[in-house]
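The block underneath contains the structure these notes are about, expressed in structure tokens.
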Protein chains: 2
Amino acid sequence: MTQDLFKEKWAIYEQHISQKGLKSTRQRDVIVEEFFGEHEHLTVEELWQRVRKIDSKIGYATVYRTLKLLSESGLAHKRQFGEAQARFEHATDHHHDHLICMSCHQIIEFENDEIETLQERVCKKHKFQLVHHKMELYGYCEKCSAKKGRGI
Amino acid sequence: MTQDLFKEKWAIYEQHISQKGLKSTRQRDVIVEEFFGEHEHLTVEELWQRVRKIDSKIGYATVYRTLKLLSESGLAHKRQFGEAQARFEHATDHHHDHLICMSCHQIIEFENDEIETLQERVCKKHKFQLVHHKMELYGYCEKCSAKKGRGI
DNA sequence: TCGATTTTGATAATCGTTTTCAATATTGAA
DNA sequence: TTCAATATTGAAAACGATTATCAAAATCGA
Ligand SMILES: [Mn+2]
Ligand SMILES: [Mn+2]
Ligand SMILES: [Zn+2]
Ligand SMILES: [Zn+2]
């Protein structure tokens, strides 16, 4: 992520909390900083483990609360990939969908405009006003397919 | 559902339990009969309410256990439409995906072979071995769109 | 019928997530 | 800077869907 984009996201976050009349705190700053730091699909637990390395006192609930704020401001997306725990990723500029490896849990992102167009066509046919969608393809990634083939 | 298909499903169910060395019970028969009775996307709670009208003594856990048996035998599919509670539908002969109304919770089913083909193409491109997928389109059905338009 | 085995319903346990609450931190005004 | 109003925190309890436990009851082949 570029420095400019990084700053822009911080600005969006700060505008969101100020507009809700909230206060800024050290804990939230650590969590947001860490969340913006890299693009992965993290569980709350995983993010909590990371922020704890910076401030070991930060509570589990605060991570939940901060992720809710980030989701509200459109900076985070909550995902449910058929696991018990939800995952959060930080929002990209373009919509994308996911391939999910059932063996190693690797997540591959993809965009496909043709599919999106066809989805809209399906909706139009049913006079359905589309808001958002979820498309997840489950199977085995290249590495895990190879392992399975060799009976590992 | 035709009478023949109905009987065929019962046969599959009975074969499944006999092959697992299980016994047949009145409670399960009531639950399976009710589940096969119509094609809806039911929560456990909703199915429990229905079977209770036939036998008020049937327990919640037995409904869960029977739905697990039906899922194992391929006669039921568990769905998670972004609600807390899972829904179960009885298996159709063809794969299909769903439009989900965010207002009235109506569920519309559709099939689109073009999309399925494109999904396979995406997987091939990533050398990904596809097992199954989830595609859910969320928005507003015709009726609810109209209501929203009129500010209701 | 009998006895081994499965099933049942009630209830407790589990697990991710949300709420509660008293102590603490932030903030704008004086 | 001091103050008071208000938001925030972390720990723990509550929540809600689902699963596990268990003793009593039902099934079923011999
Ligand atoms: Mn992603
Ligand atoms: Mn369906
Ligand atoms: Zn893999
Ligand atoms: Zn609707």
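From a predicted model like this one, the values you see are computed outputs, not experimental measurements.
In this entry the distance linking CD1 of Ile17(B) with P of dT7(C) reads 8 Å, nearest Å. Between the C1' atom of dT8(C) and the CH2 atom of Trp48(B) lies a distance of 15 Å, rounded to the nearest Å. Summarising the geometry, the separation between CZ on Arg52(A) and C1' on dG10(D) is reported as 12 Å, rounded to the nearest angstrom. Separating the CD1 atom of Ile31(A) from the P atom of dT8(D) is a distance of 12 Å, rounded to the nearest angstrom. Taking atom CG on Leu69(B) and atom P on dT6(C), their separation rounds to 13 Å, with Å as the unit. Rounded to whole Å, atom P of dG10(D) lies 11 Å from atom CZ of Arg28(A). Regarding Leu67(A), its CG atom lies at a distance of 14 Å from the C1' atom of dT18(C), rounded to whole Å. Atom CD in Gln85(A) sits roughly 5 Å away from atom P in dG16(C) (whole-Å rounding).
With rounding to the nearest 0.5 Å, the separation of CZ in Arg87(B) from CD in Glu46(B) is 4.5 Å. In this structure, the separation between CZ on Phe35(A) and CG on Leu70(A) is 6.0 Å, given to the nearest 0.5 Å.
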> What one-letter contact string describes nucleotides 19-30 of chain D from 5' to 3', where B marks a base within less than 4.0 Å of any protein heavy atom, S marks contact via sugar-phosphate atoms alone, and - marks no contact?
Replying inline: BBB-----BS--
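The residues Glu38(B) and Arg50(B) are annotated as salt-bridged, a charged nitrogen and a carboxylate oxygen being separated by less than 4.0 angstrom. A salt bridge does not link Glu89(B) to Lys78(B): none of the charged side-chain nitrogens sits closer than 4.0 Å to a carboxylate oxygen.
Screening His77(A), His98(A), His90(A), Arg79(A) against His41(A) for a side-chain hydrogen bond (donor to acceptor under 3.5 Å, both in side chains) leaves a single residue, His98(A).
Identified under the side-chain hydrogen bond (donor to acceptor under 3.5 Å, both in side chains) test for residues 58-71 of chain B, with sequence neighbours left out: Glu45(B)-Tyr60(B).
Closest to the side chain of Ala84(B), from the set dT17(C), dA17(D), dT18(D), is dA17(D).
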